Amino acid sequence: MRTQRRRRRLKVLLGLVAGAFLLLGVFVGVVYATTEVPDPDSVQNAQTTVVHYSDGTTEMARLGAENRTNVPIGEVSPQARNAVLAAENRSFYTDPGISATGILRAAWNNLTGGSTQGGSTITQQYVGLSFLDNDATYQGKFQELFLAVKLDNTATKDEILESYLNAIYFGRGAYGIEAAATTYFGVPASQLTAQQGAVLAVLVRNPTVYDPENNPEGAQDRWGLVLDGMVEEGWLTQQERDASVYPPVLPRTGTNLGIPSGPEGLVVQRAIAELEAKGYDEQQLRAGGLRITTTVDKRYQDAAISSVAEVMEGQPDPLREALVAIDPRTGAVRAYYGGPTGSGDGAVDYAQALRQPGSSVKPYVLATALEDGIGVTARRDGSSPKTFPDRPQPVTNSGGASCGACTLMEAMTRSLNTTYYGLAYEVGADRVRQNVLEATGLPETWPADPSFGSLAGKNTLADPETGGTGASIGIGQYEMRPIDQAHGFATLANEGVEHEPFFVSRVTDTQGAVLLDYDGDAGDRVLEADVVNDTTYAMTDVAAYSRRSLDGGREVASKTGTQGRGADNSDAWMVGFTPSLSTAVWMGNDSPADPIEDASGRIVYGSGLPGAIWQTFMDTVLADTPEEDLPDRALIRGDTGEGVPEPAPRTRAPDPVTAQPTRPSAPSTQSSAPRTQSSAPRTQSSAPQTQSSAPPSAPAGRSTAAEAPDVAGGRPADPATGTEGAADPSEGQSPTR
């Protein structure tokens with residue numbers, strides 16, 4: 001009986017298995033029969049990537065403007081064809097269009113947590129590239145499998161290989177092997193040698209990584225492997241392999257590859273760099289048919305361009321400008337003007353230029369003092385000139401402005417260098433540096449990239465020779481970029497919560513499937529709310545003092561900045577924010593050694609031309625938007641540091657008629673006790689954020705660090721470092737509230 005039951009169970013099991021196989025066979029047969037292979041002649045092989053403004057519909061650019069000439073397979077040299085086969089699919093002419101071992105290997109990789117992929121024969125690659133937008137999902141790979149098998153059964157191998165060679169993107173804007181042959185070697189595909197064909201075959205896998213101009217060592221290593229594969233298949237003799245020399249490759253040309261030539265081209269370049277940092281390759285970006293939505297608002301971008309054009313009309317040609325506007329609540333870049341040229345050899349992104357920010361860094365010094373309980377009404381000696389223990393040369397205020405006992409808020413408004421140099425020395429330059437790093441998201445060291453010039457690999461916000469930071473940080477001695485200042489002030493506008501700036505909010509494929517949907521990072525609190533409240537409050541008089549108030553009396557916190565060399569200025573800044581927008585404007589020349597002067601020959605200050613651009617832009621984009629409140633009082637009272645007493649009130653001279661002296665009024669006193677706080681530096685639990693990608697090259701002709709004004713670390717002294725003050729006619733107003 002037991003034996004009979006076992007036999008019945010076995011029969012049932014075998015029946016179920018047979019039924020499953022039958023159903024699977026029927027399913028496969030139905031799917032295969034209903035799978036339609038598109039006509040290769042009707043397929044748009046080069047899927048143009050479109051970049052949009054933030055509305056997702058207004059076009060900014062179309063990438064991958066085609067450099068393509070389709071050729072029949074007979075016009076591709078046999079050596080070049082064999083090189084591609086050796087690199088990608090040696091069994092192409094004998095396999096059924098799919099690779100069983102490749103599929104099993106990919107399935108195992110997927111099941112064990114690897115990337116979703118399929119076993120890629122040339123037929124599968126062509127199907128995925130031309131028909132499925134390289135869909136990496138399991139459903140896409142399943143569809144790719146059936147399409148590859150059916151294509152292999154309905155087209156000849158030569159037809160498939162011909163379509164594949166005409167479809168592949170080889171980098172440098174070259175689509176197809178004919179365009180690649182002329183781009184890299186200046187010959188038609190019919191004249192490619194085995195050695196040249198191997199260079200192109202290496203590019204199929206990743207045209208950016210293996211471009212011999214970008215990565216000569218990696219490109220040549222893989223080139224050798226391709227030739228070895230040709231020897232193994234009998235397509236190249238060992239003698240020919242031994243005699244092979246890596247062929248000379250033409251230099252990269254200045255083609256813009258669809259990147260606009262105007263200012264918006266720099267936005268497109270930042271978006272591309274951001275996506276590359278997220279893992280998108282050149283094939284996807286140039287020929288993947290992506291739909292990229294940037295964060296840049298068309299109205300804001302137009303306002304940035306027109307503000308620069310309006311203010312700079314008739315001004316000297318050598319002057320350079322940059323404007324960056326960021327949404328403080330998310331880090332989204334709303335406007336980005338790095339210069340008038342967006343692509344080609346003449347393109348320079350001044351929004352990424354490393355320049356000294358001057359007095360525009362003083363808010364960070366004040367924030368550090370506030371952490372120690374030193375309030376905005378605390379008084380410090382702002383006399384000029386003034387010497388400090390860490391610096392043999394005196395520090396001066398612009399135009400000889402002097403105040404023996406100004407409050408820190410008054411010194412902020414008047415931009416007194418001696419006050420804020422002394423305050424940085426008092427609270428600790430390294431602590432100020434740490435707060436700047438965290439507010440701006442700057443790394444501890446600049447990337448070791450040639451585009452960073454003499455600062456590449458050097459400590460950020462530090463003397464490039466010694467690596468240390470001196471109290472000169474309080475008056476803007478150390479280089480930053482315009483985007484960094486827009487970023488840092490956005491952190492202040494967002495009540496001390498920092499968000500990394502970003503340019504891309506959404507990416508979809510040609511079918512509308514969402515590949516990326518991003519609204520910024522979660523944000524990190526880097527400054528306490530009461531500290532930011534008082535720092536912002538201390539900045540609310542600057543715009544009016546500099547004659548840069550916004551329309552309708554809109555509340556705004558701002559700071560000017562000017563960096564000088566003797567009697568000349570090299571850099572001028574205006575940076576400011578409302579709760580919904582932080583905008584930085586920089587102006588200078590290609591070299592900091594050249595003074596910046598306006599059309600009348602006058603020195604340019606932060607409140608001058610940069611201030612006019614900033615004011616025009618802010619008024620334009622904020623028009624008809626709700627007014628937003630900024631702090632109207634300080635929260636942190638008192639002074640736990642090295643303050644100076646309030647000056648005694650002045651007495652009026654005796655009345656000549658009555659000869660009765662006027663009784664002086666008693667000095668005012670603080671009604672609230674000072675906040676008690678340790679004077680030890682605040683410890684941050686998180687390291688500064690590292691930027692995801694290196695910036696474009698700084699302007700050509702930038703001076704070396706040794707040419708810049710003095711810092712505590714020992715660069716040449718300059719008594720006019722960080723100049724702003726009453727000497728500037730546009731900054732001579734009394735504060736108004």
Side-chain angles (χ1 to χ4, degrees), residues 71-103 105-106 117-129 148 152 156-171 174-181 183-185 187-212 215-249 281 283:
V71 293
I73 195 168
E75 293 184 16
V76 179
S77 72
Q79 297 94 324
R81 280 182 263 161
N82 289 335
V84 173
L85 294 176
E88 295 299 315
N89 187 186
R90 299 179 193 178
S91 63
F92 170 74
Y93 276 98
T94 58
D95 66 38
I98 60 174
S99 168
T101 57
I103 292 172
R105 183 173 59 251
Q117 54 177 285
S120 294
T121 64
I122 278 180
T123 307
Q124 286 177 267
Q125 289 183 48
Y126 174 66
V127 166
L129 173 68
D152 193 76
T156 68
K157 289 290 188 179
D158 280 350
E159 289 172 340
I160 295 171
L161 183 59
E162 177 183 303
S163 298
Y164 175 79
L165 292 174
N166 284 322
I168 288 295
Y169 179 66
F170 288 89
Y175 298 87
I177 197 165
E178 178 73 7
T183 297
Y184 288 89
F185 300 109
V187 300
S190 61
Q191 295 179 17
L192 287 170
T193 65
Q195 292 72 23
Q196 292 171 330
V199 172
L200 299 184
V202 169
L203 295 170
V204 171
R205 191 65 55 90
N206 192 317
T208 301
V209 171
Y210 294 116
D211 187 317
N215 181 12
E217 183 177 347
Q220 291 187 35
D221 286 345
R222 288 191 60 82
W223 173 81
L225 294 176
V226 172
L227 293 181
D228 291 341
M230 294 178 71
V231 172
E232 292 175 12
E233 296 297 323
W235 299 330
L236 192 70
T237 67
Q238 188 61 53
Q239 292 78 9
E240 290 171 326
R241 169 67 180 93
D242 294 339
S244 294
V245 177
Y246 196 86
V249 175
D281 60 30
Q283 173 79 31

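The first residue in the sequence is number 1, and the count goes up from there. What you are looking at is a predicted structure, and each value in this text was computed from that prediction instead of being measured. Note: hydrogens, waters and symmetry copies are ignored here, and every other heavy atom, side chains too, is used.
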Just list the side-chain donor-acceptor pairs under 3.5 Å for residues 215-226, sequence neighbours left out, or say none.
| from | atom 1 | to | atom 2 | distance (Å) |
| --- | --- | --- | --- | --- |
| N215 | OD1 | G218 | N | 3.0 |
| N215 | ND2 | V209 | O | 3.2 |
| W223 | NE1 | Q195 | O | 3.0 |

Distance-only donor-acceptor hits, side chain of residues 71-79, under 3.5 Å, sequence neighbours excluded:
| from | atom 1 | to | atom 2 | distance (Å) |
| --- | --- | --- | --- | --- |
| S77 | OG | A80 | N | 3.2 |
| S77 | OG | L192 | O | 2.8 |

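Residues satisfying the side-chain hydrogen bond (donor to acceptor under 3.5 Å, both in side chains) test with T208, not counting sequence neighbours, are E282. For N89, the side-chain hydrogen bond (donor to acceptor under 3.5 Å, both in side chains) test picks out S91, D95, with sequence neighbours left out. Every residue was checked against the side-chain hydrogen bond (donor to acceptor under 3.5 Å, both in side chains) condition with Q239, not counting sequence neighbours, and none meets it. Residues that satisfy the ring-ring contact (aromatic ring centres under 6.0 Å, His included) test with Y93, not counting sequence neighbours, are absent from this structure. Take P188 and apply the side chain to side chain contact (heavy atoms under 4.5 Å, CB included) test, not counting sequence neighbours, and it matches E178, S190, Q191.
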Side chain to side chain contact (heavy atoms under 4.5 Å, CB included) assessment of L203 paired with I168
CA-CA 10 Å; L203 295 170; I168 288 295; over 6 Å; no
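We find the CZ-OG1 distance between F185 and T193 to be 7.0 Å, quoted to the nearest 0.5 Å. In this structure, N82 CG and L227 CG are separated by 11.5 Å, a value rounded to the nearest 0.5 Å.
The shortest distance between side-chain heavy atoms of Y169 and D281 does not fall below 4.5 Å. Between V204 and Y210 the shortest side-chain heavy-atom distance does not fall below 4.5 Å. Counting heavy atoms from C-beta outward, T183 and F170 have side chains that stay 4.5 Å or more apart.
The two residues A201 and A87 make their nearest non-hydrogen contact at CB-CB, 3.9 Å. Contact detail for A83 and A194: the closest heavy-atom pair is CB-O, 4.4 Å.
Sorted by first and then second residue, the pairs that involve residues 227-236 and meet side chain to side chain donor-acceptor pair (under 3.5 Å), not counting sequence neighbours, are R90-E232, D228-R241. Legend: salt bridge (charged side-chain N to carboxylate O under 4.0 Å, His left out) pairs involving residues 190-210, not counting sequence neighbours, sorted by first then second residue: E88-R205.
A side-chain donor from one of D242 and Q238 sits under 3.5 Å from a side-chain acceptor of the other.
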